[in-house]
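Here is the structure we will look at, set down as structure tokens.
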2 protein chains.
Amino acid sequence: MTDGTSRAVTLSDVAEAAGVSISTASKALNDRNDVAASTKARVRAIAEQLSFTPNVMARGLLAGRTGTVGLLTSDLEGRFMIPILMGAEDAFGEGRVNVFLCDARGDAIREQHHLRELLSRRVDGIIVVGRQTDPRRSLGQSLPVPVVYAYAPSDDPRDVSLTPDNVAGGRLAVEHLIACGRTRIAHISGDPSFSAARDRLAGAQTALADAGLEMVGEPMFSEWTEHWGRDAGAMLLRQHPEIDAIFCGSDQIARGVLDIARDLDRIVPDDLAVIGYDNWELLAENSRPGLTSIDANLQQLGRRAAELVFAAIDGNERAAGEQPMPVRLVIRGSTIARR
Amino acid sequence: MTDGTSRAVTLSDVAEAAGVSISTASKALNDRNDVAASTKARVRAIAEQLSFTPNVMARGLLAGRTGTVGLLTSDLEGRFMIPILMGAEDAFGEGRVNVFLCDARGDAIREQHHLRELLSRRVDGIIVVGRQTDPRRSLGQSLPVPVVYAYAPSDDPRDVSLTPDNVAGGRLAVEHLIACGRTRIAHISGDPSFSAARDRLAGAQTALADAGLEMVGEPMFSEWTEHWGRDAGAMLLRQHPEIDAIFCGSDQIARGVLDIARDLDRIVPDDLAVIGYDNWELLAENSRPGLTSIDANLQQLGRRAAELVFAAIDGNERAAGEQPMPVRLVIRGSTIARR
DNA sequence: CTGTTAGCGCATTCAC
DNA sequence: GTGAATGCGCTAACAG
């Protein structure tokens with residue numbers, strides 16, 4: 001463990017060591033031109049030597065800004081927050097902005113608690129990340145800082161929300177299957193209480209209708225798990241052996257379907273095409289064959305959320321409403337045979 | 001988006017509204033006894049009404065402490081940081097400590113950059129999270145705040161490092177297989193340049209030797225992937241059909257082995273027991289059968305790291321050296337048939 | 001070009 | 001009990 005005792009060196013330490021006033025030292029370090037080049041160099045050398053790091057809090061007191069953003073999540077265990085966080089970090093980038101990460105664990109009390117903490121710390125803005133695409137309760141309109149909702153939209157249309165476009169994703173998936181020459185397409189998805197499940201189905205239905213096709217069998221809803229994918233896949237392929245493609249509501253479900261297809265001697269993709277959702281690389285790249293999937297571009301979503309927070313902080317741009325974010329298709333071997 | 005314009009209300013606002021001085025307001029809100037109960041109540045009511053949140057920066061300026069901790073990770077995409085972060089958050093808990101999350105993306109330059117930022121923000125301590133258990137370069141001994149290394153230890157023994165005990169994990173895994181009556185045990189693992197791979201093997205060898213057994217075939221090293229698990233499993237089972245158990249260096253590898261075992265008509269666990277490593281629930285709980293695995297208790301590791309940072313901050317306790325953290329066995333159907 | 005002064009928001013003496 | 005004064009570390013406006 002490093003030495004936790006030595007007091008942090010302050011600007012006045014540097015000034016004293018350099019034999020100048022505090023304000024001169026400040027100017028030198030902030031590269032103002034109203035200071036002699038020689039003293040500037042000297043002060044900087046001293047600062048370097050003393051490994052001086054300016055106290056951002058003190059600076060923030062003056063500026064009224066802290067250069068911090070709060071990320072309030074209820075999905076620390078899940079996988080959606082991570083890419084969003086990465087995108088946000090990218091956007092904040094070298095902009096000297098740091099992120100406070102708070103995990104509410106899906107608990108409203110804890111969320112309120114963390115919200116107060118973030119406001120106490122005078123974050124310049126807040127990004128709220130949910131774990132489903134269903135609307136969540138708004139933090140309210142009376143906060144002193146801008147708020148952007150990511151993945152899970154706010155239930156208040158006055159808020160800005162960025163959500164992946166699940167309808168477009170469903171459409172994209174089925175259009176791809178049709179483009180691959182498939183016509184007898186079925187759908188297995190997760191919990192129907194999730195708008196994600198319903199929206200993806202809606203998109204799929206649109207694509208089918210546009211092509212003059214009908215879905216084979218009823219869409220099957222239950223859990224977002226491999227187990228369900230296996231069970232549903234087995235039922236479906238037994239009841240409707242003519243099926244030549246299955247659109248799955250998640251990569252986990254798709255993995256289950258791939259698994260059971262092998263048991264039933266259905267060759268993927270020749271005999272049966274399978275497409276997943278989320279493009280969870282751990283699952284999609286390691287299956288046999290690789291799993292074609294829909295990617296929600298979460299990193300880009302996070303980046304955009306950060307940009308919106310920024311815009312609201314220093315500009316006056318005040319967007320509002322739910323903005324569906326584009327998704328993309330990632331093709332692997334489960335829909336097109338690689339040669 | 002919420003109103004980003006309304007200036008945050010300050011203590012002087014509250015004082016003015018309550019018709020008292022700033023210092024009295026301060027005392028009232030901090031529950032000091034040298035203030036009349038009536039005024040105390042009044043000030044608090046006003047503060048509540050104005051939704052006053054104290055500016056932690058200003059307070060921190062005085063106190064010399066910020067109540068923040070930096071989490072410097074190089075594993076934002078990976079899975080190790082998340083449970084560690086959760087454990088740390090638990091430990092910090094209601095302690096009014098917040099976490100700055102910085103992702104260095106495995107880049108030393110970026111890490112240095114983030115380190116400076118954290119020091120600028122006067123974090124009270126830093127937790128460094130790596131993505132492998134191999135030693136990483138120390139941040140140095142001259143930092144003004146305590147540092148604890150989690151998962152990846154520091155290469156400087158003067159630092160405190162918490163790493164999962166991979167040797168114990170390897171031993172535990174093989175002891176379990178032996179307890180299940182297995183005697184012809186093989187090993188498939190990942191990249192041998194990882195100390196995790198070597199340590200787990202060492203532990204396994206110990207357990208075998210203690211039981212008077214020898215490993216079947218050579219340990220197989222390559223990647224931490226399902227693909228490798230399938231390939232290695234196929235080779236192994238073909239060359240050594242007598243194998244009755246495989247200890248895998250990761251859950252991904254184990255999933256591959258389970259997959260190929262099914263292809264080769266080996267019944268798990270009756271005919272072949274399989275054990276993984278990491279207890280990645282996504283993989284372990286959804287396989288057929290469920291995957292027995294070694295869990296590194298990362299959440300507890302994170303909690304402990306936070307506790308050590310705390311101890312160093314306000315106590316004088318200054319631990320040092322690499323502390324191996326206990327692991328545990330999670331039994332599922334891949335080693336013991338569930339009835 | 002440099003130094004002095006003031007003040008960001010708050011907690012803490014110390015007078016009254 | 002209460003309030004005026006001081007200072008945390010820093011930057012901005014001025015005066016020299």
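Note that this is a predicted model, so its numbers are computed, not measured. Throughout, protein chains are lettered first and strands after them, A, B, ... in sequence-line order, and every chain is numbered starting at 1.
Set against dC10(D), dT2(D), dG3(C), the side chain of V35(B) has dT2(D) as its closest nucleotide. In the set dC10(C), dT11(D), dT2(C), dT2(C) carries the atom at the smallest distance from any side-chain atom of T24(A).
Looking at Y149(A) and V147(A), their side chains come closer than 4.5 Å, going by heavy atoms from C-beta outward. The closest side-chain heavy-atom distance from D107(A) to H113(A) is not below 4.5 Å. Under the 4.5 Å side-chain criterion, counting only non-hydrogen atoms from C-beta, I126(A) is in contact with V145(A). Counting only heavy atoms from C-beta outward, the side chains of I84(A) and L301(A) approach each other to under 4.5 Å.
Whole-Å rounding puts the I22(B) CD1 to dA11(C) C1' distance at 11 Å. The CG-P distance, from N33(A) to dT2(C), rounds to 13 Å in whole Å. Taking atom CG on L29(A) and atom C1' on dG9(D), their separation rounds to 13 Å, with Å as the unit. K40(B) has its NZ atom 10 Å from the P atom of dT2(D), to the nearest Å. In this structure, CZ of R121(A) is placed 14 Å from P of dC10(C), rounded to the nearest angstrom. dT11(D) atom P lies 13 Å from atom CG of D31(A), rounded to whole Å. Look at CG on L11(B): it is 12 Å from P on dG3(D), rounded to the nearest Å.
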All N/O pairs under 3.5 Å across the protein-nucleotides 13-16 of chain C interface:
none

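Between T24(B) and S21(B), the side chains place a donor N or O and an acceptor N or O closer than 3.5 Å (distance only, hydrogens not considered). Counted by atom type alone, T163(A) and S161(A) present zero donor-acceptor pairs between their side chains at under 3.5 Å. Checked by atom type, the side-chain pair S138(B)/D155(B) shows no donor-acceptor distance below 3.5 Å.
Applying the salt bridge (Lys or Arg N to Asp or Glu O under 4.0 Å) criterion to D31(B), with sequence neighbours excluded, gives K40(B).
Ring-plane geometry between F310(B) and F92(B) is classed as perpendicular, the angle between the planes exceeding 60 degrees on a 0 to 90 degree scale with a lower cut at 30.
For dT11(D), one of the phosphate oxygens OP1 or OP2 lies less than 4.0 angstrom from a side-chain nitrogen or oxygen of S26(A).
DNA chain C lies under 4.0 Å from at least one heavy atom of each of the following residues of residues 50-62 of chain A: L61(A), L62(A).
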